[in-house]
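Accompanying notes for the structure given below.
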Amino acid sequence: MTQLITTQPILKGNIARSINPNGLKKYIRNQIEYVESKGEYNGPKKVLVLGASSSYGLAARITTAFGGGADTIGVSFERGPKNGNMLGSAGWYNNIYFRQFAEQHGLIATNFIGDAFSDQMKDDVINYIKTSFGGKIDLLVYSLASPKRIDPANPEKIYTSVIKPIDKAVTGYNLNLEKNEMVEQTIEPANQSEIDQTIKVMGGEDWERWIDFLKKADVLVDGFKTVIFSYIGSPLTYSFYHEGTLGVAKDDDDIHAKAIQSKLESLNGKATVIVNKAVTTKASLVIPIFPVYCIALYKVMTAKGTHETPIMHQDRTFRTMLYGKQPKWDEKGRLRPDSWELESDTQAQTKDLLQKITPDNFKTDLTAYRTFKTEFMNLNGFEVNDSISDQVDFDELVQLKP
Ligand code: NAI
């Protein structure tokens with residue numbers, strides 16, 4: 001049976017309500033080709049990626065597989081097609097198409113769909129590593145971005161993360177991609193409970209819990225590495241990010257990195273916080289005010305030739321730093337591929353440009369609004385390439401399994 005659906009972009013504010021699986025397939029292919037164009041490198045061989053279905057986690061999976069020749073396990077929380085016409089989430093198809101391409105390349109690529117915070121998922125993944133993945137892994141990438149976390153010890157308890165400043169309200173402009181508008185917004189400060197809950201969801205506690213489970217199960221090789229993705233960003237965004245709830249949660253990564261490091265000493269292992277660049281992702285689009293910083297930053301970085309998408313950024317990080325010869329460490333032992341974003345002339349020009357951006361001119365070539373919106377549409381399989389069909393066969397898509 002054939003049931004054709006015509007896909008078209010539907011946005012609700014900065015959240016996409018529709019996808020084009022054909023475009024997603026091409027978008028994955030493009031990312032693989034980018035990595036292949038850079039050649040092979042001596043990377044990890046057995047990789048577990050938590051948050052593997054989109055943006056930074058997916059990019060880490062693609063570079064380790066197609067640059068380093070790694071077999072990969074990906075864990076993510078995604079929705080498949082249902083009810084005869086609901087296509088599901090972009091990440092659902094990213095998992096499927098990544099697996100198909102990896103298998104064509106002779107690599108193992110296994111997807112687990114469900115809650116990475118749960119102990120059940122940890123047990124299921126460990127069982128799979130032991131029975132079907134060669135017994136051990138040499139890299140764990142922690143790239144979850146989630147609005148909530150169920151407490152593993154008490155399923156009744158659900159922590160919710162918020163993106164708010166601390167102590168003082170912040171007012172600034174935000175973008176609305178649905179309406180192509182720039183609107184003023186005030187974010188009220190978080191209370192203590194909101195701060196604590198955001199640390200529970202977006203901090204490093206679950207990262208350390210994964211390490212505890214994996215180590216106890218003896219599935220880590222000697223020389224094992226683990227990384228978590230963090231963000232510090234520019235002083236221009238400190239008031240609502242670095243000094244806000246998310247920033248405090250990111251500081252928590254550093255604390256858990258230290259604890260994990262001591263647990264990995266016996267394995268000659270290494271736990272690393274990687275501080276990444278600001279990029280266009282599902283998660284960054286819901287950070288208030290952040291998108292306006294991005295359209296200024298991207299304009300400046302594009303002119304300098306330093307703007308990167310998630311695949312460009314992760315491929316460079318893995319190939320030249322984590323598994324390469326030019327790592328850039330900071331005084332706290334974190335890896336700093338975000339140094340391009342923070343170059344002083346880049347920041348000075350971004351600051352100048354931000355002062356010139358208004359609701360009347362933000363869509364013009366003064367800024368990188370067009371690039372930003374296209375990158376966002378790409379995440380959902382739109383505007384990837386003119387020749388991509390907007391027609392999909394629902395019954396065919398339902399047959400695809402992660
Ligand atoms: P994203 O929203 O594109 O991806 C999040 C991933 O987490 C998806 O694969 C999703 O399925 C998975 N996920 C969410 N909840 C889950 C759950 N309960 N169980 C299993 N999987 C779950 O996010 P993005 O932007 O790639 O962020 C990844 C990490 O990178 C985050 O820690 C973020 O703070 C960090 N980062 C992001 C930057 C940005 O500009 N977007 C900059 C620097 C760091």
Side-chain angles (χ1 to χ4, degrees), residues 14-16 48-62 73-80 88-95 98 111-122 124-125 141-152 158-161 163 198 200-204 206-207 210 227-234 237 241-242 244-253 256 273-287 290-291 293-294 297-298 307-311 313-314 317 334-338 341-342 372 375-376 378-380 402:
N14 290 345
I15 295 172
L48 169 57
V49 182
L50 306 174
S53 60
S54 62
S55 299
Y56 270 146
L58 174 62
R61 194 178 192 188
I62 292 175
I73 301 170
V75 180
S76 60
F77 198 83
E78 301 294 344
R79 281 170 287 117
S89 58
W92 176 266
Y93 295 94
N94 289 341
N95 285 332
F98 171 83
N111 295 313
F112 283 80
I113 312 297
D115 184 8
F117 295 126
S118 71
D119 290 353
Q120 185 63 53
M121 179 61 82
K122 294 174 177 72
D124 291 349
V125 169
V141 176
Y142 194 94
S143 185
L144 298 181
S146 175
K148 62 177 197 283
R149 173 180 171 209
I150 300 173
D151 190 317
I158 299 176
Y159 304 108
T160 304
S161 72
I163 308 171
T198 305
K200 281 280 183 191
V201 182
M202 289 298 287
D206 181 61
W207 179 33
W210 267 97
V227 300
I228 192 165
F229 295 146
S230 187
Y231 186 67
I232 296 173
S234 151
T237 62
Y241 194 108
H242 183 52
T245 50
L246 271 183
V248 174
K250 293 297 180 192
D251 289 345
D252 186 64
D253 291 351
H256 288 278
V273 173
I274 302 182
V275 187
N276 285 331
K277 170 196 186 290
V279 287
T280 314
T281 76
K282 212 170 61 194
S284 56
L285 257 295
V286 295
I287 304 175
F290 196 61
Y293 168 72
C294 289
L297 176 76
Y298 294 6
H307 175 59
E308 294 174 305
T309 55
I311 191 62
H313 193 67
Q314 288 310 336
T317 301
R334 299 174 296 205
L335 215 47
R336 300 302 298 265
D338 66 332
E341 173 178 350
L342 298 184
F372 184 73
E375 288 179 357
F376 177 68
N378 289 173
L379 295 174
N380 305 297

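Just follow the structure's listing: the first ligand is 1, and inside any ligand the first atom is 1. What you see below is based on every heavy atom in this structure, not just the backbone, and it leaves out hydrogens, waters and symmetry mates.
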Between ligand 1 and [X], can you find any atom pair, the residue atom being a heavy atom, that is separated by under 4.0 Å?
{"X": "Ser230", "answer": "yes"}
{"X": "Lys250", "answer": "yes"}
{"X": "Gly114", "answer": "yes"}

>> Below 3.5 Å, N or O to N or O, backbone or side chain included: is there any such pair between Ser55 and ligand 1?
In response: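 The answer is yes, given that Ser55 and ligand 1 share an N or O pair closer than 3.5 Å.
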> Can you find an N/O atom of Lys148 closer than 3.5 Å to an N/O atom of ligand 1?
Replying inline: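 Among all N and O atoms of Lys148, none is under 3.5 Å from an N or O of ligand 1.
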> Should the proximity of Met121 to ligand 1, defined as any heavy atom under 4.0 Å, be assigned to the side chain, the backbone, both, or neither?
Replying inline: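 No part of Met121 is near ligand 1 at this cut-off.
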> Backbone, side chain, both or neither: what part of Leu144 comes under 4.0 angstrom of ligand 1, heavy atoms only?
Replying inline: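 The part of Leu144 near ligand 1 is both the backbone and the side chain.
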> Under 4.0 Å from any heavy atom of Asp115, which atoms of ligand 1 are there?
Replying inline: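 Contacts of ligand 1 toward Asp115, numbered from 1: 17 (C), 18 (N), 19 (N).
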> Of the choices Ala116, Ala90, Ala145, Gly91, which has the non-hydrogen atom that lies closest to atom 19 (N) of ligand 1?
Replying inline: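 Ranked by closest heavy atom to atom 19 (N) of ligand 1, first place is Ala116.
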> Only one of Lys282, Glu78, Arg79 clears side chain to side chain donor-acceptor pair (under 3.5 Å) with Ser89; which?
Replying inline: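 Among Lys282, Glu78, Arg79, the one that satisfies the side chain to side chain donor-acceptor pair (under 3.5 Å) with Ser89 is Glu78.
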> Starting from atom 42 (C) of ligand 1, which protein heavy atom do you reach first, and at what distance in Å?
Replying inline: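 Checked against all protein heavy atoms, atom 42 (C) of ligand 1 sits closest to Lys277 O, 3.3 Å.
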> Taking the six-membered ring for Trp, are Phe290 and Tyr241 parallel (under 30°), tilted (30 to 60°) or perpendicular (over 60°)?
Replying inline: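 Ring orientation of Phe290 relative to Tyr241: tilted.
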